[in-house]
Amino acid sequence: MFAPVQNDFAEALFDPERAVPEDILACHAEAAGKRFAVYRNNVIVSLLDALAARFKVTQQIAGDAFFKAMARMFIAAHPPTSPLMMFYGEAFPDFISTFAPAAEIPYLADIARLEAARTRAYHAADAAPLDPAALQSVTPDDLPYLHFHLHPSLEIVSSAYPVVTIWAMHEGLIPLGPITDWHGEDALVVRPHLDVDIRRLPPGAAAFLQRLSEGKSLAEAAECAAANHQDFDLAIHLAGLFSTGLVTALSIAASEDMPK
Amino acid sequence: MSHPPLLPRRAGAGFKPQHFSLIAQEPQPLGFFEIHAENYMGTGGQPHAELQHIRTHYALSIHGVGLSIGAPHPLDQDHLARLKHLCQRYEPHAVSEHLAWSSHGGVFFNDLLPLPYTEETLGIVAAHIDELQTVLRRQILIENPATYIRFAQSAIPEAEFIGEVVQRTGCALLLDINNIHVSAINHGTDPLTDILRFPLDRAQEIHLAGHAESHDGTSPLLIDSHGAAVADPVFALYERVIEEAGPIPTLIEWDNDVPEWPRLLEEALAAQAILDNHQEQCAISATAA
């Protein structure tokens, strides 16, 4: 029977202490352990590679040895359950946030959250950004009831740390240096065309976008944003929606019958 | 079961996104490209934009690495549906999977793991291939694995096992010549003798790749690394197979330490030269006759 052997094989793959499953032969009996080690090594190396590919900046910040040790523990606790390796590690940011040795780098988990969001945006559905000229067809009376359909790739990663600045420095997008203005940042992650765009949102924008993506009307979203941020300037944020390619369609409706 | 247009009997290369801009710059002298199915199971974005371009200009082979056909448990229906969707979207010239398992107990191991060759596993594999061909409504190709160990319960030689799978399911063979060489050296058998036992007349594609040389303390141990140029003995076996079976679509796989595009292309053209040489020899013998 293959099933019990396969079970032993699978269990021994993640456990180097476990004996090589019975029934396994090499051409020389004494070599079975070394031969089985090839499979153990292939599995762990391929999973470490998958995490390193998705969490490149996280690895850079943590350092190779620390990252690898942390990733090994994550793999043992959360082995992949799907063959789609590009999405492996959805639970990695939360794992990092509870991984005691990583506490010295308090922003590491949020960097991982940003990188996880980046992969999701990279593979998200395509949708063409709407030309801002479309706004001209909206009458002033309808403006408060305007709903924005936002790009399917949109994600916002909010952090108590300057994650966008740190991430951009490690990606080589801005010079690496000390961050004098150390405060929380909201990251906008969106892929209007083929490249993922990651940028720092201005104050108030995260709440505004959040409301819009929940299906709230322009008036409701703006009201909510203004309540939280005294300087909220709707014109600037409206322009930002279009310049970042976030809007894919417009519709006019009262919130209760918001089209899907 | 439908038979869509086959891959051209020419050399091809495994497509790597880092090569896209060079590949798209000018027509490449290759018959086809191959992709790993799982890398294109996202919804949209760059991967699909590139694959659409490749599919428009070249024949395409979709090579699955995650269906776990050799496992005793049922096929993952979600994954099967994703593969079907991908095939419907790109209408590839070939769809292949491995004689191996990669999932167990809900865990995906991301490696092609071996199975014993017995009447029991023959039944399992044949049923899974039947199911896959029924869902995809097309013939698939099954690839022989590179192995480092054997099972005491194995009762059927690998080539015979695959021959029987091909007979029972009507699937075709994806003959990985590097895998045969690696397995033969690892198990102390003769690669040429082994390869000639495979159902070469049912081979619709060949894989060539590089391997790494190691040692297990007692005997040489070859690792199927896909991280180097095709080794000379593997090219020699390839020439012999083409002599025996005629031209077969041939893919160069280079998945780790991937070189620049010109180097990969050069490797594919070395395979193309062997195909061309065979055609010339046939033409000469036809003229002489």
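As the structure is a prediction and not an experimental result, all values here were calculated from the model. Order of the sequence lines sets the chain letters (A, B, ...), proteins ahead of strands, with each chain counted from 1.
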TODO: Quick one: list whatever passes side-chain contact (heavy atoms from CB on, under 4.5 Å) with A/A109, sequence neighbours left out.
DONE: A/I96, A/S97, A/R113

TODO: Could you look at A/V38 and say if it's the side chain, the backbone, both or neither that has a heavy atom under 4.5 Å from chain B?
DONE: side chain

Open item on the list: Give me the atom names and distance for the closest heavy-atom approach of B/P72 to A/A3.
Closed with: CG-CA, 4.0 Å

Task: Residue part contacting chain A, namely of B/L221, when any heavy atom lies under 4.5 Å - done: side chain

Just by distance, which donor-acceptor pairs between chain A and chain B come in under 3.5 Å?
| residue | atom | partner | partner atom | Å |
| --- | --- | --- | --- | --- |
| A/M1 | O | B/Q153 | NE2 | 3.2 |
| A/F2 | N | B/E120 | OE1 | 2.9 |
| A/Q6 | OE1 | B/H104 | ND1 | 3.1 |
| A/Q6 | NE2 | B/S103 | O | 3.4 |
| A/N7 | OD1 | B/H104 | NE2 | 2.7 |
| A/D23 | O | B/A152 | N | 2.6 |
| A/D23 | OD1 | B/Q153 | N | 3.2 |
| A/D23 | OD2 | B/Q153 | NE2 | 3.1 |
| A/L25 | N | B/R150 | O | 2.7 |
| A/L25 | O | B/R150 | N | 2.7 |
| A/R35 | NE | B/D216 | OD2 | 2.7 |
| A/R35 | NH1 | B/Y148 | O | 2.7 |
| A/R35 | NH1 | B/N186 | O | 3.1 |
| A/R35 | NH2 | B/N186 | O | 2.9 |
| A/R35 | NH2 | B/D216 | OD2 | 3.0 |
| A/Y39 | OH | B/Y148 | N | 3.0 |
| A/S46 | OG | B/N110 | O | 3.3 |
| A/S46 | OG | B/N110 | ND2 | 3.0 |
| A/P80 | O | B/F108 | N | 2.8 |
| A/H123 | O | B/T43 | N | 2.9 |
| A/H123 | O | B/G44 | N | 3.0 |
| A/A124 | O | B/G44 | N | 3.2 |
| A/D126 | OD1 | B/G45 | N | 2.7 |

Open item on the list: I want to check something: taking the side chain as every heavy atom from C-beta on, are B/F151 and A/I24 in contact at a cut-off of under 4.5 Å?
Closed with: yes

- [ ] Would you name the heavy atoms of A/L194 and B/G45 that are closest together and state the gap between them?
- [x] CD2-C, 3.7 Å

Task: Closest non-hydrogen atom pair, A/A10 against B/F109 - done: CB-CZ, 3.7 Å

Task: Note, B/I149 side chain near A/V20 side chain (heavy atom, < 4.5 Å) - done: no

Open item on the list: Please rank A/L47, A/L13, A/I75 by heavy-atom pairs under 4.5 Å with chain B and give me the top one.
Closed with: A/L13

TODO: Please look at B/L67 and chain A and tell me whether the side chain, the backbone, both or neither of the residue comes under 4.5 angstrom of a heavy atom of that chain.
DONE: neither

TODO: Could you check which of B/G66, B/G105, B/P116, B/A49 has the highest count of heavy-atom pairs closer than 4.5 Å to chain A?
DONE: B/P116

- [ ] Of all the heavy-atom pairs spanning B/P114 and A/F2, show the shortest one and how long it is.
- [x] O-CZ, 4.1 Å

Task: Segment of B/A37 engaging chain A (4.5 angstrom heavy-atom cut-off) - done: neither

